[in-house]
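For reference, the structure discussed in these notes is given below.
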Amino acid sequence: MQQLEQDLKAALSAAIQQVFGAAVPAEQLTIQPTRKDFAGTFTLVTFPLTKALGKGPEQIGQALGEWLQANEPRVNGFNVVKGFLNLEIADAEWLRLLRQLRAQDIAAPVQTGGPQRVVVEYSSPNTNKPLHLGHLRNNFLGYSVAEILKATGATVTKANLVNDRGIHICKSMLAYQQYGQGETPQSAGIKGDHLIGKYYVLFEKHYREQIKQLEAEGVSNEVAKREAPLMRHAQEMLQAWEAGDEEVVSLWRQMNGWVYEGFNDTYQRIGVDFDKFYYESETYLLGKERVEEGLAKGVFFRKDDGSVWVDLTDEGLDQKLLLRADGTSVYMTQDLGTAELKYQDYQYDSSVYVIADEQNYHMQVLKLVLKKLGKPYADAIYHLSYGMVDLPSGKMKSREGTVVDADELVQEVTDAAKQTTAELGKIEGLSEQEANQLFHTLGLGALKYYLLKVDPKKRMLFDPNESVQLQGHTGPFIQYTHARISQLRRKAAEMGIRPELTEGVATLHETERDVVQALASYASAVAEAARTYSPAVIAQYAYDLAKTYNRFYTEVPVLPEPDAAKRSLRVALSAQVADTLRQSLKLLGITAPERM
RNA sequence: GGUCACGUAGCUCAACUGGAUAGAGCACCUGGCUACGAACCAGGAGGUUUGGGGUUCGACUCCCUACGUGACCA
């Protein structure tokens, strides 16, 4: 398809030379898909040529159209509307394209000239509470972007930088010590991550009470927050952890272990995975050498109190702290360290950080600082910045208990899929296990598609009712189209109809052309998605393809078609659609069932 | 106070990076299952693309400005 477009541009450039005697390079021509309301596939916009050629836009269109029709066999018709030359492509070319697509492996890499060694860091949870809706957008985005980049032939490492240390974990640990009474996930019958989350909430509750009490005694809010006994204990615990205190470290190990069991369970359930785990407890001291390096190179400076800074005022930012006066790290210090570590591990030419847009400033600074250090990988860093997920009631706030828990949500979408499937009476012939598997596939398909179809950088609204919808612009709509074709293929096989393209077909139905065109656009959709790091491009593509196919399906008979050559062609066309849909969904992390 | 995003149909989102009459889904109305799976398809209604100015053959897209929403930096 891209090839055809390029060839047409070259042909048009030649036509301009021949007809008008002017040299206009092919790259300068504006060609675009023809709007639905007009006949044709490609459209040349002739307005920009008027000056160079000294003719009116219609005149140019007419002359070029005539030339192409006479000299380019793939163009078999054209029309000119104002400054637009619409070109119609011959059926023989569509058939050739379909034949070519059928001969290729749909999973074969799409060459883009993009990065070859990529690290995608995503998920990166804190270990003090279970995953929630915001994490889901992050996880689905990260997994999908990794799959998309793989589809361009890149070697991709999925990395998870677990934030397993710090004051927030100590809060859970302290609350557990005080109120836990030796409870375990087994004894409580609660998933590990949820158990730890329970104690985090408990900490916050008692902590707030202590603040309130102090304030009642006339202490200012600021001081109360700092001096509340629970907070002081948590701080002491953090120091003990850093000093390697055996009791604290052992409790920390135990509780993190529970959390990981819970996380692994959730990861498995939502179908994401990782090739490499980094733990902040092992990386939080890194980065100090980078600070030394920067001081030696004279790109950082030390203030009188001993703290180290970088001056970014030339870049329109301000001065940024890199190391505290007491020599302890800040987040930036660690991130400098892990960037170096990741580069040593993987020598990436692209390092993708899937992080919410509230970190935009931080990531901008990280990149600039690495640049100042002269790091070769500074430009390879890409912040895949995504917007927050809002609820109809507003922003999610853990303190106000308005978070949507990931595990609960997955259960809800699965239940919704079960209910709808039962209503439609489509579970006959499935074992209970198969049925449950299907409900999960559909529910998760709905949820993933819902979160991925929106442009990542945009803030989005999560409507619980819409997220479980199985009709319309949804994942299950695409899954359904795939399942329906699967059934068609099974029947075709039973009837002895082979999906093949014989010489017996000369002309195509309009909807068949549309389907071939959509199929042929797969590669450019993947390329575009990879270039922009946007699964939404694939989501939109898969929907359009399914939509186009469904129209074909209702307008044209496949199996009942009396002409054997046409019948085989339509089965082949359908098969290609199913394969392309399955592959597209795979890039989104969504499974395409054979029946539903 | 400063920086950066975003603002499109009642609601949720698109618009091939400056091109034609701004498209889908949901919700609402109408029609289509004795040819292959109706989780589908066809049609209707719904828009001053937040307001105002500018750039040009042409602006949802670029620039300026006001307003609104959100995030971040001190």
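Quick note: numbers below take in every heavy atom, side chains included, and nothing from hydrogens, waters or symmetry partners. Per chain, numbering begins at 1; letters A, B, ... match sequence-line order.
Of the P atoms belonging to B:A5 and B:G18, the separation is 16 Å, rounded to the nearest Å. Distance check on atom P: B:C4 versus B:A42 gives 45 Å, rounded to whole Å. The separation of B:C6 from B:C29, taken at their P atoms, amounts to 37 Å, rounded to a whole angstrom. For the C1' atoms, the distance linking B:U49 with B:U21 amounts to 15 Å, nearest Å. Nucleotides B:G2 and B:C62 place their P atoms 23 Å apart, quoted to the nearest Å. Here, B:U55 and B:G10 have their P atoms 31 Å apart, quoted to the whole Å. When the C1' atom is used for both B:U17 and B:U12, the distance is 24 Å, rounded to whole Å. Here the separation of B:C60 from B:A22, taken at their P atoms, is 9 Å to the nearest Å.
Residue contacts shown for A:R531 include a base, since a base heavy atom lies under 4.0 Å away. Here A:N360 lies out of heavy-atom contact (under 4.0 Å) with every strand. Heavy atoms of A:P48 sit under 4.0 angstrom from at least one base atom. Counting non-hydrogen atoms under 4.0 angstrom, A:L317 reaches nothing in the nucleic acid. Nucleic acid contact for A:T50: none, since no nucleic acid atom lies under 4.0 Å from a heavy atom of the residue. No contact: A:V80 has no heavy atom under 4.0 Å from any strand. Among the protein residues, A:V45 comes within range of the nucleic acid bases, having at least one heavy atom under 4.0 Å from a base atom. Residue contacts for A:A483: at a heavy-atom cut-off of 4.0 Å it reaches a base atom on one of the strands shown. At the heavy-atom level, A:N550 lies under 4.0 Å from the strands shown only through sugar-phosphate atoms. Within 4.0 Å (heavy atoms only), A:F84 reaches at least one base atom of the nucleic acid. A:M596 comes within 4.0 angstrom of a nucleotide base, judged by non-hydrogen atoms across all strands.
A:T34 places no side-chain N or O within 3.5 Å of a backbone atom of A:N86 that could act as its donor or acceptor partner. When atom types are taken as modelled, the side chain of A:S534 and the backbone of A:A530 share no donor-acceptor pair closer than 3.5 angstrom. No side-chain donor-acceptor contact under 3.5 Å links A:T502 to the backbone of A:A565. Checking side-chain atoms of A:K566 against main-chain N and O of A:P557 turns up no donor-acceptor pair under 3.5 Å.
Closest to the side chain of A:L461, out of B:A39, B:A14, B:U12, is B:U12. Of the candidates B:G37, B:A20, B:C73, the closest approach to any side-chain atom of A:D318 belongs to B:C73. Side chain of A:V454, nearest nucleotide from B:C13, B:G19, B:C36: B:C13. For A:P557, the listed nucleotide lying nearest its side chain is B:C36; candidates were B:C36, B:C73, B:C57. Side-chain proximity of A:E528 to the nucleotides B:U17, B:C40, B:C36 is greatest for B:U17. Nearest to the side chain of A:L488, among B:C72, B:C36, B:G19, sits B:C36.
Note: NE2 (A:H509) to C1' (B:C36) measures 16 Å, nearest angstrom. Atom-to-atom, NE2 of A:H482 to C1' of B:C40 comes out at 17 Å; the value is rounded to the nearest Å. Per the geometry, CD belonging to A:Q319 stands 19 Å off P belonging to B:G2, to the nearest Å. Taking atom CG of A:N465 as the reference point, atom P of B:C11 lies 17 Å away to the nearest angstrom. A:F439 places its CZ atom 15 Å from the P atom of B:A39, with the value rounded to the nearest Å. Across the protein-nucleic acid pair, A:E428 atom CD and B:G37 atom P stand 12 Å apart, rounded to whole Å. In this structure, A:K51 places its NZ atom 12 Å from C1' of B:G58, rounding to the nearest Å. Remark: C1' of B:A74 and CG of A:L321 are 13 Å apart, rounded to the nearest angstrom.
In this model, a side-chain donor or acceptor of A:T43 finds a partner on the base of B:A20 within 3.5 Å. With hydrogens and angles ignored, no donor-acceptor pair closer than 3.5 Å exists between the side chain of A:K457 and the base of B:A5.
Listed by first then second residue, pairs satisfying ring pair (Phe, Tyr, Trp, His ring centres under 6.0 Å) with a partner in residues 32-57 of chain A read A:F47-A:F84, not counting sequence neighbours.
A distance of 9.5 Å separates CG of A:L4 from CD of A:Q517, quoted to the nearest 0.5 Å.
Using N1 to N3 plus N6-O4 or O6-N4 for Watson-Crick, or N1-O2 and O6-N3 for G-U wobble, each under 3.5 Å, B:U3 pairs with B:A71. For B:G23, the paired base is B:C13 (Watson-Crick or G-U wobble, both distances below 3.5 Å).
Note on A:E555 versus A:R551: salt bridge recorded, some NZ/NE/NH1/NH2 to OD/OE distance being below 4.0 Å.
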Letter by letter from the 5' end, nucleotides 21-33 of chain B scores (B base, S sugar-phosphate only, - none; protein heavy atoms under 4.0 Å) SSSSSS-------
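A distance cut-off of 5.5 Å between ring centres, combined with a plane angle under 30°, places A:F47 in a stacking arrangement with the base of B:G19.
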Mind running ring-ring contact (aromatic ring centres under 6.0 Å, His included) on A:Y549 and A:F552 for me, showing each step along the way?
CA-CA 5 Å; A:Y549 177 81; A:F552 154 81; 5.4 Å; yes
